[in-house]
Amino acid sequence: MAKAIICFGIFYFLLNPSFSQNSESIPHINTIDLESISPGTKNNYWLKISEDGLGQDINIPVVILKGANDGPVLAINAAIHGNELNGIPVIHHIINTVNPAEMSGTIIAIPITNVPAYQDNNRLFPDQTDLNRTMPGKANGNESQFYAYHLLEKLKGICDYVIDLHTASFGRVNSHYVRADLQDPILAKMAEIQNPQIILNGKTASTANADGTLRSALAANNIKCITIELGNPQVFQEDMKQAGIIGIQNTLAYLKILNIHVAAPKHPVVRCSKSYWIYTDAGGILEVLPDVNQSIEKGQKIAILYDSFGEVKQTYFAPENGIVIGKSSNPVSPAGARILHLGIFE
Ligand SMILES: [Zn+2]
(Lines give C-alpha, C1' and ligand atoms only; values in the text may rest on other atoms or scores of the structure.)
Protein backbone atom coordinates (compact mmCIF):
# COMPACT_ATOMS: atom_id res chain seq x y z
CA MET A 1 0.00 0.00 0.00
CA ALA A 2 2.77 2.38 0.99
CA LYS A 3 4.60 1.56 -2.22
CA ALA A 4 1.47 2.34 -4.23
CA ILE A 5 1.13 5.73 -2.54
CA ILE A 6 4.79 6.54 -3.19
CA CYS A 7 4.46 5.47 -6.85
CA PHE A 8 1.32 7.57 -7.24
CA GLY A 9 3.14 10.51 -5.67
CA ILE A 10 6.06 10.19 -8.10
CA PHE A 11 3.67 9.94 -11.07
CA TYR A 12 1.72 12.95 -9.82
CA PHE A 13 4.95 14.90 -9.51
CA LEU A 14 6.13 13.90 -12.99
CA LEU A 15 2.79 14.71 -14.60
CA ASN A 16 2.60 18.09 -12.86
CA PRO A 17 5.81 19.97 -13.57
CA SER A 18 4.34 23.01 -11.82
CA PHE A 19 4.06 21.00 -8.58
CA SER A 20 7.40 22.19 -7.27
CA GLN A 21 6.59 25.84 -8.10
CA ASN A 22 3.19 26.13 -6.46
CA SER A 23 2.35 29.04 -4.23
CA GLU A 24 3.24 27.12 -1.06
CA SER A 25 6.91 27.07 -2.01
CA ILE A 26 7.11 30.82 -2.54
CA PRO A 27 8.68 32.64 0.44
CA HIS A 28 6.43 34.75 2.66
CA ILE A 29 8.02 38.06 3.68
CA ASN A 30 7.02 41.02 5.84
CA THR A 31 9.28 43.63 4.29
CA ILE A 32 11.23 44.06 1.07
CA ASP A 33 14.95 43.73 1.82
CA LEU A 34 16.79 44.36 -1.44
CA GLU A 35 20.20 44.02 0.22
CA SER A 36 19.49 40.35 1.01
CA ILE A 37 18.77 39.48 -2.64
CA SER A 38 21.57 38.21 -4.87
CA PRO A 39 22.41 40.38 -7.90
CA GLY A 40 21.24 39.07 -11.27
CA THR A 41 18.30 37.04 -9.92
CA LYS A 42 14.52 36.90 -10.23
CA ASN A 43 12.61 36.21 -7.02
CA ASN A 44 8.90 35.60 -6.27
CA TYR A 45 7.45 36.48 -2.87
CA TRP A 46 4.19 36.74 -0.97
CA LEU A 47 4.45 40.08 0.87
CA LYS A 48 2.22 40.44 3.95
CA ILE A 49 0.12 43.60 4.04
CA SER A 50 -2.70 42.82 6.48
CA GLU A 51 -4.84 40.02 7.95
CA ASP A 52 -8.37 38.86 7.07
CA GLY A 53 -11.33 37.88 9.25
CA LEU A 54 -9.98 34.36 9.68
CA GLY A 55 -6.76 35.78 11.05
CA GLN A 56 -4.96 34.66 7.89
CA ASP A 57 -2.33 36.85 6.29
CA ILE A 58 -3.38 38.97 3.32
CA ASN A 59 -0.34 38.73 1.02
CA ILE A 60 0.33 40.44 -2.27
CA PRO A 61 2.37 38.79 -5.04
CA VAL A 62 5.72 40.55 -5.56
CA VAL A 63 8.38 39.72 -8.13
CA ILE A 64 11.80 41.29 -7.66
CA LEU A 65 14.28 41.32 -10.52
CA LYS A 66 17.57 42.47 -9.05
CA GLY A 67 20.02 43.51 -11.70
CA ALA A 68 23.58 42.27 -11.91
CA ASN A 69 24.67 45.90 -11.57
CA ASP A 70 23.51 48.74 -9.32
CA GLY A 71 20.99 51.27 -10.58
CA PRO A 72 17.60 52.78 -9.86
CA VAL A 73 14.71 50.86 -8.31
CA LEU A 74 11.50 50.90 -10.38
CA ALA A 75 8.27 49.51 -8.95
CA ILE A 76 5.41 48.63 -11.29
CA ASN A 77 2.03 47.87 -9.76
CA ALA A 78 -1.39 46.96 -11.13
CA ALA A 79 -4.91 46.47 -9.78
CA ILE A 80 -4.86 48.92 -6.86
CA HIS A 81 -8.46 49.08 -8.06
CA GLY A 82 -9.39 45.41 -7.87
CA ASN A 83 -11.15 45.10 -11.25
CA GLU A 84 -8.55 47.02 -13.31
CA LEU A 85 -6.76 44.09 -14.88
CA ASN A 86 -5.01 45.15 -18.11
CA GLY A 87 -1.83 45.95 -16.16
CA ILE A 88 -1.48 42.36 -14.94
CA PRO A 89 -0.41 40.81 -18.30
CA VAL A 90 1.81 43.86 -18.89
CA ILE A 91 3.69 43.09 -15.68
CA HIS A 92 3.71 39.34 -16.37
CA HIS A 93 5.27 39.96 -19.77
CA ILE A 94 7.97 42.22 -18.34
CA ILE A 95 8.98 39.84 -15.52
CA ASN A 96 9.03 36.89 -17.93
CA THR A 97 11.13 38.57 -20.62
CA VAL A 98 13.57 40.88 -18.84
CA ASN A 99 16.82 39.16 -17.85
CA PRO A 100 18.11 40.45 -14.48
CA ALA A 101 21.66 39.53 -15.53
CA GLU A 102 21.40 42.32 -18.14
CA MET A 103 19.96 44.88 -15.73
CA SER A 104 21.54 47.81 -13.89
CA GLY A 105 18.98 48.42 -11.19
CA THR A 106 15.97 46.64 -9.75
CA ILE A 107 12.36 46.00 -10.78
CA ILE A 108 9.78 45.44 -8.04
CA ALA A 109 6.68 44.12 -9.81
CA ILE A 110 3.32 43.90 -8.03
CA PRO A 111 0.77 42.39 -10.45
CA ILE A 112 -2.10 42.55 -7.93
CA THR A 113 -1.91 45.39 -5.40
CA ASN A 114 -5.41 45.41 -3.88
CA VAL A 115 -5.80 41.68 -3.26
CA PRO A 116 -9.11 41.82 -1.28
CA ALA A 117 -10.80 43.93 -4.00
CA TYR A 118 -9.35 41.75 -6.77
CA GLN A 119 -10.84 38.65 -5.13
CA ASP A 120 -14.21 40.46 -4.95
CA ASN A 121 -14.05 41.41 -8.67
CA ASN A 122 -14.54 44.95 -7.40
CA ARG A 123 -12.88 48.32 -7.84
CA LEU A 124 -13.33 49.05 -4.14
CA PHE A 125 -11.80 47.61 -1.00
CA PRO A 126 -14.20 45.30 0.93
CA ASP A 127 -15.16 48.21 3.25
CA GLN A 128 -16.39 49.98 0.06
CA THR A 129 -13.69 52.62 0.08
CA ASP A 130 -11.33 53.51 -2.74
CA LEU A 131 -7.82 52.41 -1.79
CA ASN A 132 -6.43 54.95 -4.26
CA ARG A 133 -8.18 57.76 -2.36
CA THR A 134 -7.08 56.43 1.04
CA MET A 135 -3.33 56.98 0.82
CA PRO A 136 -1.20 57.35 2.89
CA GLY A 137 -3.59 55.47 5.20
CA LYS A 138 -3.24 55.20 8.97
CA ALA A 139 -1.28 52.76 11.15
CA ASN A 140 -4.23 52.57 13.56
CA GLY A 141 -6.96 53.34 11.02
CA ASN A 142 -9.91 51.40 9.64
CA GLU A 143 -9.68 48.35 7.36
CA SER A 144 -8.69 50.14 4.15
CA GLN A 145 -6.57 52.79 5.91
CA PHE A 146 -4.62 49.99 7.62
CA TYR A 147 -4.03 48.23 4.28
CA ALA A 148 -3.05 51.49 2.56
CA TYR A 149 -0.62 52.43 5.33
CA HIS A 150 1.16 49.09 5.34
CA LEU A 151 1.29 48.92 1.55
CA LEU A 152 2.93 52.35 1.40
CA GLU A 153 5.30 51.51 4.26
CA LYS A 154 6.66 48.54 2.27
CA LEU A 155 7.49 50.77 -0.72
CA LYS A 156 8.76 53.90 1.07
CA GLY A 157 12.52 54.25 1.21
CA ILE A 158 13.00 51.45 -1.33
CA CYS A 159 11.69 52.69 -4.68
CA ASP A 160 12.99 55.58 -6.74
CA TYR A 161 10.28 55.40 -9.41
CA VAL A 162 6.79 53.87 -9.54
CA ILE A 163 4.46 53.15 -12.44
CA ASP A 164 0.87 52.67 -11.26
CA LEU A 165 -1.25 50.82 -13.85
CA HIS A 166 -5.01 51.44 -13.98
CA THR A 167 -8.01 51.16 -16.31
CA ALA A 168 -11.39 52.90 -16.42
CA SER A 169 -13.95 52.16 -13.71
CA PHE A 170 -16.86 49.72 -14.21
CA GLY A 171 -19.40 51.19 -16.64
CA ARG A 172 -16.77 53.33 -18.37
CA VAL A 173 -14.07 52.98 -21.02
CA ASN A 174 -10.74 54.80 -21.27
CA SER A 175 -8.16 55.75 -23.84
CA HIS A 176 -4.48 54.95 -23.20
CA TYR A 177 -3.49 57.99 -21.17
CA VAL A 178 -0.95 59.01 -18.57
CA ARG A 179 -1.42 61.24 -15.53
CA ALA A 180 1.77 62.92 -14.33
CA ASP A 181 3.00 66.10 -12.72
CA LEU A 182 4.36 67.71 -15.89
CA GLN A 183 6.07 70.46 -13.87
CA ASP A 184 8.68 67.82 -13.03
CA PRO A 185 10.89 67.25 -16.11
CA ILE A 186 11.64 63.62 -15.20
CA LEU A 187 7.96 62.80 -14.74
CA ALA A 188 7.15 64.64 -17.97
CA LYS A 189 9.71 62.50 -19.77
CA MET A 190 8.42 59.29 -18.17
CA ALA A 191 4.92 60.23 -19.35
CA GLU A 192 6.07 61.05 -22.88
CA ILE A 193 7.95 57.77 -23.41
CA GLN A 194 4.86 55.70 -22.58
CA ASN A 195 3.82 56.69 -26.12
CA PRO A 196 0.23 57.13 -24.90
CA GLN A 197 -2.68 58.59 -26.84
CA ILE A 198 -3.07 61.39 -24.27
CA ILE A 199 -0.93 62.94 -21.52
CA LEU A 200 -2.86 64.70 -18.76
CA ASN A 201 -1.16 67.07 -16.36
CA GLY A 202 -1.72 65.89 -12.77
CA LYS A 203 -1.44 67.60 -9.44
CA THR A 204 1.91 69.05 -8.44
CA ALA A 205 3.92 67.78 -5.52
CA SER A 206 2.98 70.89 -3.53
CA THR A 207 -0.55 69.52 -3.22
CA ALA A 208 0.64 65.99 -2.51
CA ASN A 209 -1.63 63.86 -0.32
CA ALA A 210 -4.58 66.09 -1.08
CA ASP A 211 -6.27 63.48 -3.26
CA GLY A 212 -5.34 60.31 -1.37
CA THR A 213 -3.80 58.65 -4.43
CA LEU A 214 -0.77 56.39 -4.36
CA ARG A 215 0.90 58.81 -6.79
CA SER A 216 0.50 61.76 -4.39
CA ALA A 217 1.55 59.74 -1.35
CA LEU A 218 4.68 58.59 -3.15
CA ALA A 219 5.42 62.15 -4.30
CA ALA A 220 5.29 63.24 -0.65
CA ASN A 221 8.03 60.67 -0.05
CA ASN A 222 10.16 61.92 -2.97
CA ILE A 223 9.30 58.90 -5.12
CA LYS A 224 8.55 59.75 -8.73
CA CYS A 225 5.30 58.14 -9.86
CA ILE A 226 3.16 58.29 -12.97
CA THR A 227 -0.31 56.79 -13.38
CA ILE A 228 -1.09 54.96 -16.61
CA GLU A 229 -4.65 54.26 -17.69
CA LEU A 230 -4.92 51.24 -19.98
CA GLY A 231 -8.43 50.93 -21.42
CA ASN A 232 -11.32 49.12 -19.83
CA PRO A 233 -12.07 47.31 -16.53
CA GLN A 234 -12.41 43.56 -15.84
CA VAL A 235 -11.00 42.52 -19.24
CA PHE A 236 -7.73 41.86 -21.00
CA GLN A 237 -7.25 44.00 -24.13
CA GLU A 238 -4.35 42.94 -26.33
CA ASP A 239 -3.78 46.42 -27.78
CA MET A 240 -3.63 47.95 -24.30
CA LYS A 241 -1.30 45.17 -23.11
CA GLN A 242 1.11 45.86 -25.98
CA ALA A 243 0.95 49.62 -25.40
CA GLY A 244 1.69 49.11 -21.70
CA ILE A 245 4.65 46.81 -22.42
CA ILE A 246 6.24 49.33 -24.80
CA GLY A 247 5.88 52.05 -22.17
CA ILE A 248 7.57 49.96 -19.46
CA GLN A 249 10.38 48.90 -21.83
CA ASN A 250 10.92 52.56 -22.74
CA THR A 251 11.05 53.43 -19.04
CA LEU A 252 13.69 50.72 -18.45
CA ALA A 253 15.68 52.26 -21.31
CA TYR A 254 15.26 55.85 -20.07
CA LEU A 255 16.30 54.93 -16.51
CA LYS A 256 19.26 52.97 -17.98
CA ILE A 257 18.12 49.82 -16.16
CA LEU A 258 18.34 48.07 -19.53
CA ASN A 259 20.79 48.95 -22.28
CA ILE A 260 18.12 49.35 -24.97
CA HIS A 261 16.71 52.28 -26.93
CA VAL A 262 13.48 54.17 -26.31
CA ALA A 263 11.03 53.22 -29.10
CA ALA A 264 9.74 56.14 -31.14
CA PRO A 265 6.00 56.84 -30.89
CA LYS A 266 3.82 55.47 -33.70
CA HIS A 267 1.21 58.22 -33.38
CA PRO A 268 1.09 61.84 -32.15
CA VAL A 269 0.53 62.40 -28.42
CA VAL A 270 -2.18 64.84 -27.34
CA ARG A 271 -1.30 66.92 -24.27
CA CYS A 272 -4.00 68.20 -21.94
CA SER A 273 -3.46 70.79 -19.24
CA LYS A 274 -6.66 69.83 -17.41
CA SER A 275 -9.77 67.70 -17.72
CA TYR A 276 -13.25 67.31 -16.26
CA TRP A 277 -16.27 65.04 -16.42
CA ILE A 278 -19.53 66.14 -18.02
CA TYR A 279 -22.64 64.79 -16.25
CA THR A 280 -26.31 64.32 -17.14
CA ASP A 281 -28.83 66.67 -15.51
CA ALA A 282 -31.75 64.26 -15.92
CA GLY A 283 -32.31 60.51 -15.75
CA GLY A 284 -32.82 58.09 -18.63
CA ILE A 285 -31.07 55.93 -21.18
CA LEU A 286 -27.82 57.48 -22.37
CA GLU A 287 -26.07 57.16 -25.71
CA VAL A 288 -22.60 58.76 -25.82
CA LEU A 289 -21.67 59.59 -29.42
CA PRO A 290 -17.88 60.15 -29.75
CA ASP A 291 -15.30 57.43 -29.18
CA VAL A 292 -12.45 57.63 -26.69
CA ASN A 293 -9.39 59.47 -28.04
CA GLN A 294 -11.65 61.43 -30.45
CA SER A 295 -11.23 65.21 -30.67
CA ILE A 296 -14.46 67.17 -30.35
CA GLU A 297 -15.34 70.80 -31.02
CA LYS A 298 -17.27 73.28 -28.93
CA GLY A 299 -20.99 72.83 -29.66
CA GLN A 300 -20.61 69.30 -31.09
CA LYS A 301 -23.37 66.88 -30.07
CA ILE A 302 -21.83 64.43 -27.60
CA ALA A 303 -24.75 62.49 -26.09
CA ILE A 304 -28.48 61.79 -26.32
CA LEU A 305 -30.60 60.91 -23.31
CA TYR A 306 -33.78 58.94 -24.09
CA ASP A 307 -36.79 58.39 -21.85
CA SER A 308 -38.08 54.89 -21.22
CA PHE A 309 -40.42 55.13 -24.25
CA GLY A 310 -37.67 55.96 -26.75
CA GLU A 311 -38.33 59.71 -27.00
CA VAL A 312 -35.36 62.09 -26.90
CA LYS A 313 -35.40 63.72 -23.49
CA GLN A 314 -32.17 65.73 -23.56
CA THR A 315 -29.28 66.35 -25.93
CA TYR A 316 -25.78 67.26 -24.73
CA PHE A 317 -23.17 69.38 -26.53
CA ALA A 318 -19.44 69.91 -25.93
CA PRO A 319 -18.88 73.04 -23.82
CA GLU A 320 -15.44 73.62 -25.40
CA ASN A 321 -12.87 72.05 -27.71
CA GLY A 322 -11.16 68.97 -26.32
CA ILE A 323 -10.52 65.24 -26.56
CA VAL A 324 -12.44 62.30 -25.10
CA ILE A 325 -10.16 60.78 -22.43
CA GLY A 326 -12.86 58.37 -21.23
CA LYS A 327 -16.60 57.92 -21.45
CA SER A 328 -19.59 56.10 -20.02
CA SER A 329 -20.30 52.66 -21.48
CA ASN A 330 -23.34 52.09 -19.26
CA PRO A 331 -26.61 53.41 -20.79
CA VAL A 332 -28.46 53.34 -17.44
CA SER A 333 -28.10 56.96 -16.37
CA PRO A 334 -29.71 58.54 -13.35
CA ALA A 335 -29.47 62.32 -13.14
CA GLY A 336 -25.84 63.14 -12.42
CA ALA A 337 -24.45 60.17 -14.37
CA ARG A 338 -21.09 60.57 -16.07
CA ILE A 339 -21.19 61.24 -19.83
CA LEU A 340 -17.60 61.75 -20.84
CA HIS A 341 -14.20 62.80 -19.50
CA LEU A 342 -13.13 65.80 -21.56
CA GLY A 343 -9.45 66.69 -21.84
CA ILE A 344 -8.64 70.34 -22.57
CA PHE A 345 -5.68 70.90 -24.89
CA GLU A 346 -2.51 72.41 -23.47
ZN1 LIG B 1 -7.94 52.84 -11.23
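Just so you know, ligand 1 is whichever comes first in the structure, and atom 1 is the first atom listed for that ligand.
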At the Zn ion (ligand 1): angle between His81 atom ND1 and His166 atom ND1, to 10 degrees: 100°
Carboxylate-amine/guanidinium contact Lys224 Asp184, below 4.0 Å: yes
Under 2.8 Å: N/O/S of Glu229 next to the Zn ion (ligand 1): no
Polar contact flag, side-chain donor to acceptor under 3.5 angstrom, Tyr45-Asn59: no
Stepwise salt bridge (Lys or Arg N to Asp or Glu O under 4.0 Å) test for Asp57 and Lys48: CA-CA 6 Å; Asp57 290 352; Lys48 180 177 176 179; 3.2 Å; yes
Val162 to Asn77 - nearest heavy-atom pair and separation: CG1-OD1, 3.7 Å
N, O or S atom within Glu84 nearest to the Zn ion (ligand 1), by name: OE1
